[in-house]
Each structure stands twice: as structure tokens, then as C-alpha cells.
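Notes for the one structure printed next.
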Protein chains: 2
Amino acid sequence: MATIYDVARHAGVSAATVSRVVNGRTTVDAALAARVHQAMRDLDYRPNAVARNLRRQQTSIWAVIISDIGNPFFTSLVRGVEDVAQAAGYSVVLCNSDEDPGKEDRYVSAALAEQMAGVIISSTGKLATITRLVESGTPVVAIDRQIRGATVDTVLADNEHGADVATSHLVAAGYQRIACITGPRKLPTAQQRLRGYTNAVRRHKRPADDQLIRHADYREEGGYAAMASLLDSGAEPDAVFAANNLMTVGAMECLVDRGISVPGRFGVVGFDDIPWAHLVRPSLTTVVQPTYELGRTAALLLAERIAEPGRPASTVTLQTELKIRESSVRPA
Amino acid sequence: MATIYDVARHAGVSAATVSRVVNGRTTVDAALAARVHQAMRDLDYRPNAVARNLRRQQTSIWAVIISDIGNPFFTSLVRGVEDVAQAAGYSVVLCNSDEDPGKEDRYVSAALAEQMAGVIISSTGKLATITRLVESGTPVVAIDRQIRGATVDTVLADNEHGADVATSHLVAAGYQRIACITGPRKLPTAQQRLRGYTNAVRRHKRPADDQLIRHADYREEGGYAAMASLLDSGAEPDAVFAANNLMTVGAMECLVDRGISVPGRFGVVGFDDIPWAHLVRPSLTTVVQPTYELGRTAALLLAERIAEPGRPASTVTLQTELKIRESSVRPA
DNA sequence: CTGAAAGCGCTAACAG
DNA sequence: CTGTTAGCGCTTTCAG
């Protein structure tokens, strides 16, 4: 690989001049610049980003650390991030923490060690990890999940309200004993969606019974197991609000396996959409999150923070929307 | 951030000794090592990976460049790659080329500029991009799609055979005029799956008519449009083999929209599974690829190539398996 | 406007 | 076994 000195020699200028041309810095004499460009072409010169990073003390890469690459919600965010990043001249790399605080911590270490220009993260909740990031001065944006105890820019969906709307919809549809399968106790989204459910159930004077609530792992298997446990518990639910997309699928599977007709005998509403929800029978009523916008907004915040590190942290909350399909509408 | 010199001073040794301790290189006197460890803890020392990379001329990060982050096939591969990478001491970052040769090229440039330790790529087919990577000496493994004109380690599924089996299954199920929706003309997987289809159709003396073949974009919309075009063409197909998962979904949607009963009036088999295929009605018969193993194998090959750069390139082909569900089984 | 020179933080010869 | 020294390739003052 040709270095900047090779180019300099070839063009008969100094390395500093080549550097200026490469970075479009101060005005360089047109004739010199032309010679440099020619030399770069002749030698197929590619700047060594590692050397540049070392010198500049930062890269032009953003790390997006998501907690489950198998969940379309997270991959869908990435699209929004990417579009903004590209436009702003950054590359995006994705890291999958798989809800594992250890893996998350390792990726944060890597982002730090590699001096990434910024990090967008849906945190598993381990504060120490985030603190390390923030204290190092790395621009950070939390996405989907706020981070208690850390002051960082944050982009969220309106979890509590969305869950409330979903639950109220089940009430309006005539279901009586509405259960809730929410996520892991420590995840803010799980808490907020549970709160929305609880609020709605209370307001509408439906049974607000701990027997009707389950915490699962935001995965398909967890949703399946939680549904099974609800059905076996004697709490006799006739509907369920599942707090994420994968668990909704799991719950549906359980219902299918047990031969329980949806929406006839049992109503189902999920949080966050799934791809080809329309091919599933019955098609699933879900609280749709603006995934692309969530990603876009996070990226915009990150870009702003990089430009202006001192600005106060802000939290943006985006609206969800209930998409009514078949699984929650009782036939007359 | 503390540097290696801060640690050295604090421990009363030279930077070289600290470096040795950090990297577990040559044996360092136990007492010194202990002092160094203490100093590192005291100062919360974190090695600067960028500086190390510059010096060593390489990182401990692998880039996985996939062509569609919205396709569960690709995200599923990543799991297999990650598990092997972690075990071998590498971090994995994901780059989404979105089937765009320009984006792919930019990510390859980034991988090169950042001196990534290796690259696993499902190429859009632009040879120049790969050549650049190979010529730079970066270890590369092609996954899912071989790269014509480049000699690199490659991991593939048995596309032709899988497609043949899928098509033969439709024949055995009693369908007569079997159509094929394959992928973009230039993608090897699309060509191979088309060939498998053609072979099967010929062998079983079913109409082998260009009218029954469509090339689409491996996306849902493409599958929908291709299906619509087949239905409107006058070729009168009564079954379709769709060459990837997303297009199968699209084709199904089209069939649903037209009120064509599957599998009664029309048989459907797809290539590559989709999540919650069992919830879709009718459930989809698909050629299942060993996605996790594909990723694992690619990672293993990459690790071997890094360890032994001179070894001849090898191609590993993994078997697919036809998973028969409802969409291809005519009721008696 | 251009070049010389210093140095980002780390590793790897090479002496001792 | 340990320290000294010389860069990795680039950017950026600082002179000229």
C-alpha cells in the first residue's frame, strides 16, 4: 500500500501538502493539487484510516449496539440510522449484544478502543457500561430504552401510552379478563408497557390481578411459555396484551397449539409490528412503532451532539399507532 | 485516558514491560507484572486499540458485509459467525450493503482503511471490489454467493440441488405448470436455483417455458409483482417455486389478494425459511438452509486463513433440506 | 501557500 | 528478563 510519502515524492511535494489535498483543507495551489491528484491515481493511494484515527483521536464510524439482531424491530431501526449517517459522512457498524451485558460491555470496550465517533445503543441496562462510555467523552444516544442514572440523548417510543391504547382496545372489543405478557423486569420498555396496561385495566374496571401478569424474555419461546403458564394458572384470561413482537408470535403459537380460537375465544394484541403480519392467520393487531423514524432521530441527535458536545441532553418520544387487524376483533 | 507511559511511570517500569504484560508476551517477572497490573487498575488503563492497530498493521475485528439486513437469512448467519469469532478473540461488526454495489464498495473501503482482520461478504457481484480486498492481503471469505473471477474461500448452500428437490416435490404433488420466480440475473444463487428448477422440470417432462420464469429482486415487492405478472401472462401456472424467502412471502400475498386458494388451486414452495412460517396460513413449504452452520463455517474458514494465509482456497457446500408444510400439499 | 518537524500510543527489534 | 529506541502513517502547528 502506498503511503502519503510515496504520493508526496511522486508529486514532488511534501506530505503535508498531500494531506491538505486529501482533506480539502486550506487552499492548495491548483497546479500542485492537480499533480497530487494525479500521483494519488497513479499509485492507487488509499489513506490509512488507522494512522489518521490515531492522529486525530477519532474515527468516522458510528457503532450501533442493538440487543437482538433476530428482532426485526432492531434491524429496522438501523435503516434509519444508516441513511442519516451516510449523508453526514459516517459509516455505521452494527454490534449485536444479544441481551447479554457481558457482550454489550465488550462491544462498548471495542467502540472505545477503536475510538468510534459515536455510539447508538439499546442498552441491556448495565449502567457501568454506559458510564464508561459517557465519561470517555464518546457521544452516545440511547435508543428504545432509556438509561437510568445516565444523562444522554434518548429516543423512545411512547410505550406507556401505546400499551394503554392496546389494552383499552381489547376492553372495547369486549374481552373481560385481559392478561399481559411483558418483558424482563429490569428493562424500562417492559416496565412502561406494563404500566400502560395496568392503567388501562384499572380505568376500565377490569380485573387487575397479578395472576394475569407475566414477565418473559422478549423472545418467542418466552412468549410461548408465558402464554402456557397463563392458560394453566386458573386465572382464566380471555385476551392478552404481549409487550413485544416476538412474544406475540410465541403467544399465538401457544394458542394455536391448544386449539384456542383467536379472536373468537381469545383476543390478542401485540406491541411492535412483525414482517408479513398480514400473512399470519389471524392477522395480528399490533401497536406499530415508527422504527425508521426512531433510528433516524437517534442518528440526528448523535450528529448534533458530535457537532456541539456541550449541549444539554434531550429526550425525544415518538408516537406509536394501534393497527387493528383480525386477532383482536371478535366476530359478531 | 491513561496511556501506556502513565502506567509505566506509575509502576516504575518501562512502557515495553507494560506492553508485554498487557499482551501476555514473553515472561515478565512476577513481581513486576503484579506492579503493572496494580498500576493499570489504579489508572483504569485501557489500551488504545488504534495505536496498537497502527503499529501491528491490523485489528482484531471482522467485518461481515451482508446484502440485506431486512432478510432474516442474513441476520441469522451472523449468529454463527459471532459465536466462532468470540471464541477466537475477534469482534464482529456488521455492514449492510443493501444490494447496492456502491455501498458495498464503501464498506470494503472502510474495512480496508480500518485494517480489519478479515472480511466475510455476501457480494453483490462487483468483482473490482473483491479484487481490491484480496490484493490488499485482507483475508476474505465469500458466503452465500461465490465470486466469479476471484479465488477466495467460499461457503455455499447446495442451491441447485435444493431447487431441484423443491421443484420435483411440486411435480410429485400433482402440479402441472410450475413457474419459477428467481432472483437478479447476475446473482449466482439466482442462477443456480433457476438451473435446479429447469433441470427438474425437464426431467419430469413438465412444460419448460420461458413464459413461466421471472427474474425479480429478492424482495417482497419483487415477488409480488412477479407473481402478478405470471398470473396475468396467459402462461397459466398452477404452482410456483420462489427462489428466496422474501419473494415467497410476496408471491403468497399476491395469491391471497387474488383469492387463489393455496394449496388447492396453486402450489407454493419457497427457498430459505422465514421466521414464524408456522403461523402463516397456509404454512409455507420451504427449502431450509443451514444458516447458522453457514455462518459458523465461514468464520472457521476465515480463522484458518488468518492463521495460514498461504493455504489454497476452498469451497464448502452445505446441504439444504426440504421442509414440507401446507402450501404445496394438495388436499385429496 | 508550502515544507519541516514533532508526535498520536503502541510494539518489536535489539542490546544489555 | 528488562529497557532503549525507532518507527507504524498521518495531521498539524510553526516557520518561512
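Chain naming here is simple, since letters A, B, ... match the order of the sequence lines and numbering starts at 1 in each. Any value given below was found using the heavy atoms of this structure, including those in side chains, with hydrogens, waters and symmetry copies removed.
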Nearest to the side chain of A:Arg52 - D:dA6, D:dG9, D:dT11?
D:dT11

Nearest-Å distance, CD1 (B:Ile4) to P (D:dG3)?
12 Å

Sub-4.5 Å side-chain heavy-atom contact between A:Asn96 and B:Leu94
no

Sequence neighbours left out, what passes salt bridge (charged side-chain N to carboxylate O under 4.0 Å, His left out) with A:Arg132? Give chain and number order.
A:Asp105

Measure from CG on B:Leu32 to P on D:dC1 and round the result to the nearest Å.
11 Å

From the options D:dT11, C:dC10, D:dT2, select the nucleotide whose nearest atom is closest to the side chain of B:Asp29.
D:dT2

Could you tell me if A:Thr124 and A:Glu104 have a donor-acceptor pair between their side chains, going purely by distance under 3.5 Å?
yes

Do A:Tyr90 and A:Thr59 touch side chain to side chain, with heavy atoms closer than 4.5 Å?
no

Quick check: on DNA chain D, is the nucleotide nearest A:Val18 upstream (toward 5') of the one nearest B:Gln57, or the reverse? Name the residue that is more 5'.
B:Gln57

For DNA chain D, which residues in residues 40-49 of chain B have a heavy atom at a distance below 4.0 Å?
none

Provide, to the nearest angstrom, the distance between the CG atom belonging to A:Leu54 and the P atom belonging to C:dA6.
18 Å

Kindly indicate whether the side chain of A:His10, heavy atoms from C-beta on, has any atom under 4.5 Å from the side chain of A:Leu43.
yes

Could you state the CG-C1' distance from B:Asn53 to C:dC10, rounded to the nearest angstrom?
10 Å

Using whole Å, report how far CD of B:Gln115 lies from C1' of D:dC10.
12 Å

Does a side-chain heavy-atom distance below 4.5 Å link A:Val140 with A:Arg305?
no

Dump every N/O contact between nucleotides 12-16 of chain D and the protein below 3.5 Å, one line per pair.
residue, atom, partner, partner atom, Å
D:dT12, O4', A:Arg55, NH2, 3.3

Taking only side-chain nitrogens and oxygens of A:Ser14, does any of them come within less than 4.0 Å of OP1 or OP2 of C:dG3?
yes

Nearest of C:dG9, C:dC1, D:dG3 to any side-chain atom of B:Val13?
D:dG3

Taking the side chain as every heavy atom from C-beta outward, state whether A:Asn244 and A:Arg219 have any pair of such atoms under 4.5 Å apart.
no

Can you find a pair of side-chain heavy atoms, one from B:Asn53 and one from A:Glu114, that are under 4.5 Å apart?
yes

Run B:Asp68 and A:Arg79 through salt bridge (charged side-chain N to carboxylate O under 4.0 Å, His left out) and show every step you take.
CA-CA 10 Å; B:Asp68 182 5; A:Arg79 284 271 165 74; 2.9 Å; yes

Within this structure, what is the CZ-to-P distance between B:Arg9 and D:dT4, rounded to whole angstrom?
13 Å

Find which nucleotide of DNA chain C each of A:Tyr5 and A:Ala30 is nearest to by heavy atoms, and output the residue with the more 5' nucleotide.
A:Ala30

